[in-house]
Amino acid sequence: MKLAKLSLISGLIVTLIIFILSLFLNNGFSQRISGGIGLILIITTILTSGSLISGDRQRANDSTETTNDKKQRDSISIACFLAAIPILILWGYLKYFK
């Protein structure tokens, strides 16, 4: 839970920095930065959660990994997702409302 709070706060800080930069720089540049960072975080979330592998590989991974490994993998997935949410909201704002 501590990692989730820290990642959400860091996502909000990055969002604030990009928003401040968007006030002074070109809107397209800030939009590309926020979209790129958000996309990287979402791809990291998908890769670490294991949702791109087939069912038999998922079953094999579940049987061989320990509960500590599963908790660590899940916490990294959740942390990346929580950091991506505010950045992607900012991307949507810059794309459609500014």
Side-chain angles (χ1 to χ4, degrees):
M1 192 53 106
K2 192 175 197 179
L3 182 64
K5 288 180 186 178
L6 183 64
S7 65
L8 185 60
I9 290 171
S10 64
L12 288 171
I13 290 171
V14 169
T15 302
L16 182 64
I17 291 170
I18 294 172
F19 181 72
I20 290 171
L21 286 176
S22 75
L23 296 175
F24 299 111
L25 297 176
N26 185 7
N27 188 25
F29 179 71
S30 303
Q31 179 184 345
R32 279 182 271 150
I33 288 175
S34 63
I37 292 173
L39 184 65
I40 288 170
L41 286 170
I42 290 296
I43 289 172
T44 306
T45 300
I46 292 170
L47 290 175
T48 56
S49 70
S51 51
L52 290 179
I53 60 176
S54 64
D56 59 339
R57 289 181 186 249
Q58 182 72 31
R59 197 174 320 112
N61 287 342
D62 283 342
S63 66
T64 58
E65 72 181 350
T66 63
T67 57
N68 193 19
D69 291 339
K70 183 173 173 38
K71 283 181 185 178
Q72 184 179 10
R73 185 174 49 89
D74 288 344
S75 68
I76 291 171
S77 258
I78 291 170
C80 288
F81 181 70
L82 288 176
I85 289 173
I87 297 171
L88 290 175
I89 289 172
L90 175 67
W91 173 80
Y93 170 76
L94 291 175
K95 177 141 180 88
Y96 296 112
F97 296 114
K98 190 167 183 186

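We number each residue from 1, following the sequence as shown. Note that the coordinates shown come from a computational prediction; the quantities given were computed from them, not determined experimentally.
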Between Gly38 and Leu88 the two heavy atoms that sit nearest each other are CA-CD2, 3.7 Å
So, taking the atom named CD1 in Ile85 and the one named CG in Leu41, what distance separates them when rounded to the nearest 0.5 Å? 10.5 Å
Answer yes if Ile37 and Leu23 sit in the same cluster of Ile, Leu, Val, Met, Phe, Trp and Tyr residues linked by side chain heavy atoms under 4.5 Å apart, and no otherwise. yes
Between CG of Leu90 and CD1 of Ile33, what distance do you get to the nearest 0.5 Å? 10.5 Å
Measuring only between side-chain heavy atoms, which start at C-beta, is Phe81 closer than 4.5 Å to Ile42? yes
Which pair of non-hydrogen atoms, one from Ile18 and one from Ser30, has the smallest distance, and what is that distance? CG2-O, 3.8 Å
Under 4.5 Å between side-chain heavy atoms, counting indirect links through other Ile/Leu/Val/Met/Phe/Trp/Tyr residues: same cluster for Ile9 and Val14 or not? yes
Are any of the side-chain nitrogens in Asp69 or Arg73 under 4.0 Å away from the carboxylate oxygens of its partner? no
Could you tell me the separation between the CG atom of Leu82 and the OG1 atom of Thr45, rounded to the nearest 0.5 Å? 8.5 Å
Which distance, rounded to the nearest 0.5 Å, do you find between the OG of Ser63 and the CD of Gln58? 10.5 Å
Regarding Ser54 and Asp56, is there a side-chain donor-to-acceptor distance under 3.5 Å anywhere? yes
How are the rings of Tyr93 and Phe19 set to each other: parallel, tilted or perpendicular (split at 30° and 60°)? tilted
Residue pair Ser49 / Ile46: nearest heavy atoms and the distance that separates them: OG-O, 3.1 Å
Return the minimal non-hydrogen interatomic distance between Ile87 and Gly11, and the atom names on each side. CG1-O, 3.9 Å
Is there a side-chain contact between Ile43 and Ile40 (heavy atoms, below 4.5 Å)? no
Determine whether Ile78 and Ile89 fall in the same hydrophobic cluster, where Ile, Leu, Val, Met, Phe, Trp and Tyr are linked whenever their side-chain heavy atoms lie under 4.5 Å apart. yes
Quick check for you: to the nearest 0.5 Å, what is the distance between Ser22 atom OG and Leu94 atom CG? 5.0 Å
Can Tyr96 be reached from Phe29 by stepping across I, L, V, M, F, W or Y side chains whose heavy atoms are under 4.5 Å apart? yes
Heavy-atom pair with the smallest gap, counting every atom of Pro86 and Ala83: CD-O, 3.6 Å
Measure the CG-CD1 distance between Leu47 and Ile53 for me, rounded to the nearest 0.5 Å. 10.5 Å
